[in-house]
Amino acid sequence: MNGWLLAAGITALGVAAAHIVGGHRDVVRPLLSSGLADEPKRVLHAVWHMVSVDLVLSAVALVYLSLADGTSGTALVAWFVAAHFIAYAAAFLVITLSVGWPKPLLRLPQWILLLPVAALTAAGAV
C-alpha cells in the first residue's frame, strides 16, 4: 500500500465533501437565485456538478491507486491526478490574483485545499 496516495485520496475526499456541501450553500444557491439569464445560469450549475463528479472520481482513483501500488501505470495515473489538482489550484490563484482584491489569497481559498492533494499525490507517484 502507498501511504502517500492513500493520504491524497482521503484528503481529496475531504475536498470533494467541502465542495459539495460548502459549494451548494455558498455558490449554487446564490447562483440559482440570481438574476443571471437562464442559459448561463444552468451551464454554470452543470459545471459545478461536473466538478463535483470529477473531485469524487479523482479521490476514488487515488484510494484505488494506493491499494494497487506497484501495478503498471500507477505512477502515470498518479502524476495525471497531481497535475489535475495543480491546474485547479493554479486556476483559482490566477483568477484571485487578477481581480485586485485586498488580501486576495483568502478571498477564494480553494487553492489551499487543492495543493495538498497535488503534493501528496506527487509524493506517492515518485
Side-chain angles (χ1 to χ4, degrees):
M1 179 176 8
N2 185 318
W4 291 108
L5 293 178
L6 181 60
I10 292 168
T11 304
L13 283 171
V15 170
H19 169 80
I20 291 166
V21 173
H24 183 68
R25 181 189 64 236
D26 296 340
V27 178
V28 174
R29 282 186 194 163
L31 170 68
L32 294 178
S33 64
S34 75
L36 191 62
D38 254 356
E39 188 173 301
K41 182 187 301 187
R42 294 304 171 187
V43 168
L44 292 171
H45 190 202
V47 169
W48 181 83
H49 282 291
M50 289 168 56
V51 171
S52 299
V53 169
D54 183 63
L55 291 172
V56 170
L57 290 177
S58 294
V60 169
L62 287 168
V63 170
Y64 174 80
L65 290 173
S66 76
L67 301 173
D69 188 37
T71 304
S72 176
T74 298
L76 178 63
V77 175
W79 280 116
F80 176 81
V81 174
H84 180 96
F85 276 84
I86 288 169
Y88 271 174
F92 270 103
L93 284 168
V94 167
I95 289 169
T96 301
L97 294 172
S98 69
V99 176
W101 288 330
K103 298 183 183 177
L105 297 179
L106 299 177
R107 291 288 296 269
L108 295 177
Q110 289 87 336
W111 63 273
I112 295 170
L113 297 173
L114 298 164
L115 279 181
V117 176
L120 290 166
T121 303
V126 175

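Keep in mind that what you see is a predicted model, and the values were worked out from it rather than measured.
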Checklist entry - For the residue pair Ala125 and Ala78, what are the closest heavy atoms and their distance? => result CB-CB, 3.7 Å

Item to check | Non-hydrogen atoms of Ala89 and Leu114 that approach each other most closely | outcome: N-CD1, 3.8 Å

Next on the checklist: Leu120 vs Leu62, test: side chain to side chain contact (heavy atoms under 4.5 Å, CB included). Steps then yes/no.
Outcome noted: CA-CA 10 Å; Leu120 290 166; Leu62 287 168; over 6 Å; no

Next on the checklist: With clusters defined by side-chain heavy atoms of hydrophobic residues (ILVMFWY) lying less than 4.5 Å apart, directly or transitively, does Trp101 cluster with Phe92?
Outcome noted: yes

Next on the checklist: Strictly distance-based, threshold 3.5 Å: is any side-chain N or O of Trp111 a donor or acceptor partner for the main-chain N or O of Leu105?
Outcome noted: yes

Item to check | Minimal non-hydrogen separation, Val81 against Ser58, with atom names | outcome: CG1-CB, 4.4 Å

Checklist entry - Around atom CH2 of Trp4, are there more than 12 heavy atoms of other residues, nucleotides or ligands at under 6.0 Å? => result no

Checklist entry - Do side-chain atoms of Ser34 reach the backbone of Leu31 as a donor and acceptor pair under 3.5 angstrom? => result yes

Checklist entry - What pair of heavy atoms forms the shortest contact from Gly124 to Asn2, and how long is it? => result O-ND2, 2.8 Å

Checklist entry - Parallel, tilted or perpendicular: which describes the rings of Phe80 and His84, with under 30° parallel and over 60° perpendicular? => result tilted

Checklist entry - Is a side-chain donor-acceptor pair under 3.5 Å present for Trp48 with His24? => result no

Next on the checklist: Could you go through Tyr88 and Asp54, starting from their C-alpha distance and side-chain angles, then the distance that decides it, and tell me whether this counts as side chain to side chain contact (heavy atoms under 4.5 Å, CB included)?
Outcome noted: CA-CA 11 Å; Tyr88 271 174; Asp54 183 63; 2.8 Å; yes

Checklist entry - With the 4.5 Å side-chain cut-off for hydrophobic clustering, are Leu13 and Leu5 part of the same group? => result no

Checklist entry - Can you get from Val15 to Leu93 by hopping between Ile, Leu, Val, Met, Phe, Trp and Tyr side chains that sit under 4.5 Å apart? => result yes

Checklist entry - What heavy-atom pair brings Leu32 and Lys41 nearest, and what distance separates the two atoms? => result O-NZ, 3.2 Å

Checklist entry - Just by modelled atom types, is the Ala68 backbone N or O under 3.5 Å from a matching donor or acceptor in the Thr74 side chain? => result yes

Next on the checklist: When you group the ILVMFWY residues by side-chain heavy-atom contacts below 4.5 Å and let the links chain together, are Val63 and Ile20 in the same group?
Outcome noted: no

Checklist entry - Would a hydrophobic clustering, with Ile, Leu, Val, Met, Phe, Trp and Tyr connected at side-chain separations under 4.5 Å, put Leu97 with Ile95? => result yes

Checklist entry - Taking all non-hydrogen atoms of both residues, which atom of Thr11 and which atom of Ala7 are closest, and how far apart? => result OG1-O, 2.7 Å

